[in-house]
Undergrad: 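One structure is given below, represented as structure tokens, and several questions about it will come after.
As the structure lists them, so they are numbered: ligands from 1, and atoms in each ligand from 1.
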Amino acid sequence: QAKREGKNRYARFSKDMHNELYEKLRMETGIRYGLLNREFVVHYQPKVKIATRRTSSLEALVRWQKAGKMISPGAFIPIAEESNLIDEICLFVLQETCAFYTTMQQQGVAVPVSVNISPRQFHNLDFVDIVEDLIRRFQIDPRYLEFEITETTAMHDVAYTLKIMHRLRDLGIYFSIDDFGTGYSSLGSLSKMPVNTLKIDKQFIDDLETNSGIISTIIAISQQMRLNVVAEGVETEEQLLRLDAMGCHEVQGYYFSRPMPSNSILEYLLAERNRPAQ
Ligand code: C2E
Ligand code: MG
Ligand code: MG
Ligand code: MG
């Protein structure tokens, strides 16, 4: 009896493993094909200054349009991250962002754009050279290019992070720490990093009252270290006013805009430029 059960359990385990592996392979093949067939697109979401209600910068967010369906990065970035496919996705997003920067500049509405850099990409030894090459090729004013790395990535190997960040900072690139509050930061390490902005993770904003202590602490840290602070995932006027009262001056979220394709965001920026200041 016990023996048979053990055997069944093994069979089930092996079948799950097989399915998982199969799914992973299928996804990888799909991504490779999708990159060749231009199924990936970059959307942009504004970050907004509360005081002026104007866009201060954008965040580039990758999307996969596969057979009419929109696949969110949460579903494919982790798989791409397990292979060198993440390098190709990241290069694609950087190139698209640089090209879009040129368009914004031609239209007279250029704002900085931040790109999410995954842990594997951040640890790619060619990364700095790739970025340097892009800046030169697209003639980007590097102050208009920002990188977001998560708190966990930044704190994983502080010595390495400091080295790479400083090399990129020397090129003129700015840094944000993404999903701040979800990892474990050493404030001593953070203060040594050439970081400009802390982004408060959406999970805290979702339940502002319960997390008001944490949010206030992050805002206090940012003030102490003279960093910008951006609240992620702001969906309501109520959240906006509450954050403003707490001393957070910049927000990102559906309240102002969802991430939009480049042509829509360009229209958004042009409309904003023609709108009188409040
Ligand atoms: P993230 O960098 O923290 O991005 C914020 C996520 O919150 C985005 O999801 C955005 O669409 C979503 N969001 C913004 N405002 C609101 C809101 O008001 N309500 C709600 N419900 N959601 C909001 P998205 O685009 O699905 O991206 C998820 C994550 O995938 C990102 O988190 C980032 O870690 C990763 N990611 C996205 N694009 C890229 C990329 O180009 N490269 C890499 N390496 N990672 C990316
Ligand atoms: Mg981000
Ligand atoms: Mg985030
Ligand atoms: Mg997040």
Side-chain angles (χ1 to χ4, degrees), residues 31 34-35 39-48 55 57-65 69-100 112-124 127 130-131 134 145-154 174-183 185 195-208 215 218 228-240 242-243 248 250-262 264-265:
I31 293 172
L35 281 164
E39 291 175 356
F40 288 87
V41 286
V42 178
H43 285 190
Y44 301 89
Q45 186 182 34
K47 295 171 222 168
V48 180
T55 303
S57 59
L58 305 173
E59 177 173 6
L61 294 158
V62 71
R63 302 271 173 279
W64 185 7
Q65 277 173 314
K69 269 193 307 181
M70 190 78 95
I71 305 180
S72 70
F76 63 86
I77 292 282
I79 301 218
E81 181 70 9
E82 288 179 37
S83 71
N84 63 354
L85 285 171
I86 194 68
D87 296 351
E88 287 182 51
I89 293 177
C90 183
L91 185 62
F92 168 77
V93 175
L94 282 169
Q95 282 172 334
E96 286 293 301
T97 298
C98 289
F100 184 56
V113 190
S114 63
V115 175
N116 292 285
I117 306 299
S118 76
R120 191 177 170 120
Q121 186 64 29
F122 192 68
H123 285 86
N124 176 343
F127 184 56
I130 290 169
V131 172
L134 279 169
L145 189 58
E146 300 179 357
F147 289 157
E148 297 192 6
I149 64 170
T150 65
E151 184 180 23
T152 311
T153 307
Y174 285 118
F175 281 96
S176 298
I177 303 293
D178 208 350
D179 304 347
F180 194 81
T182 61
S185 271
V195 165
N196 300 84
T197 304
L198 301 182
K199 299 187 76 179
I200 308 174
D201 194 69
K202 177 178 181 301
Q203 75 177 73
F204 302 118
I205 310 304
D206 284 344
D207 192 354
L208 251 166
I215 296 170
I218 297 175
N228 298 325
V229 63
V230 178
E232 294 188 295
V234 172
E235 295 180 347
T236 67
E237 173 89 24
E238 202 187 338
Q239 289 172 322
L240 184 82
R242 187 80 179 85
L243 284 160
C248 175
E250 211 172 326
V251 299
Q252 181 179 3
Y254 294 174
Y255 179 72
F256 283 109
S257 168
R258 287 181 178 256
M260 294 188 286
S262 56
S264 309
I265 208 81

Undergrad: Strictly under 2.8 Å, how many protein N, O or S atoms lie near the Mg ion (ligand 2)? Waters don't count.
TA: 4
Undergrad: Hey, are the side chains of Leu85 and Ile79 touching, using non-hydrogen atoms and a 4.5 Å cut-off?
TA: no
Undergrad: For Phe100, what residues pass the ring pair (Phe, Tyr, Trp, His ring centres under 6.0 Å) criterion, not counting sequence neighbours?
TA: Tyr44
Undergrad: Within the 4.0 Å heavy-atom shell around Glu235, which atoms of ligand 1 are there?
TA: 17 (C), 18 (O), 19 (N), 20 (C), 21 (N)
Undergrad: Do Gln252 and ligand 1 have an N or O pair less than 3.5 Å apart?
TA: no
Undergrad: Distance under 4.0 Å to a non-hydrogen atom of Gly253: what atoms of ligand 1 satisfy this?
TA: 15 (N), 18 (O)
Undergrad: Would you mind running through ligand 1 and noting each atom that sits below 4.0 Å from a heavy atom of Gly233?
TA: 15 (N), 16 (C), 17 (C), 18 (O)
Undergrad: Output yes when a side-chain donor or acceptor of Glu81 lies under 3.5 Å from a complementary backbone atom of Arg120, and no otherwise.
TA: yes
Undergrad: Looking only at distance, does Gln45 have an N or O less than 3.5 Å from an N or O of ligand 1?
TA: yes
Undergrad: So for Lys199, does at least one of its heavy atoms come nearer than 4.0 angstrom to any atom of ligand 1?
TA: no
Undergrad: Under 4.0 Å between a Lys/Arg side-chain N and an Asp/Glu carboxylate O for Lys47 and Glu148?
TA: yes
Undergrad: Heavy atoms only: which of Thr97, Ile205, Asp201, Val93 lies closest to atom 41 (O) of ligand 1?
TA: Val93
Undergrad: Once you restrict to heavy atoms under 4.0 Å, what part of Gln121 touches ligand 1? Side chain, backbone, both or neither.
TA: neither
Undergrad: Can you name the atoms of ligand 1, numbered from 1 with element, that are less than 4.0 Å from a heavy atom of Asp179?
TA: 3 (O)
Undergrad: Show the atoms of ligand 1 that are less than 4.0 angstrom away from any heavy atom in Asp178.
TA: 1 (P), 2 (O), 3 (O)
Undergrad: Only heavy atoms count here, so choose which of Pro259, Ser257, Ala80, Pro73 is nearest to atom 26 (O) of ligand 1.
TA: Pro73
Undergrad: Looking at ligand 1, does any of its N/O atoms fall within less than 3.5 Å of an N/O of Tyr255?
TA: no
Undergrad: Atom 45 (N) of ligand 1: which of Thr182, Ile89, Asn116 has the nearest heavy atom?
TA: Asn116
Undergrad: So is Cys90 in contact with ligand 1, going by heavy-atom distances below 4.0 Å?
TA: no
Undergrad: Answer with side chain, backbone, both or neither: which part of Glu232 has a heavy atom less than 4.0 angstrom from an atom of ligand 1?
TA: side chain
Undergrad: Return yes or no for this condition: an N or O of Val62 is under 3.5 Å from an N or O of ligand 1.
TA: yes
Undergrad: Please work out whether any backbone atom (N, CA, C, O) or any side-chain heavy atom from C-beta onward of Arg63 is under 4.0 Å from ligand 1, and answer side chain, backbone, both or neither.
TA: side chain
Undergrad: Apply the salt bridge (charged side-chain N to carboxylate O under 4.0 Å, His left out) test between Lys199 and each candidate in Glu232, Glu151, Glu146; give the one that qualifies.
TA: Glu232
Undergrad: Please work out, at 4.0 Å between heavy atoms, whether the side chain, the backbone, both, or neither of Ile77 comes within that distance of ligand 1.
TA: side chain
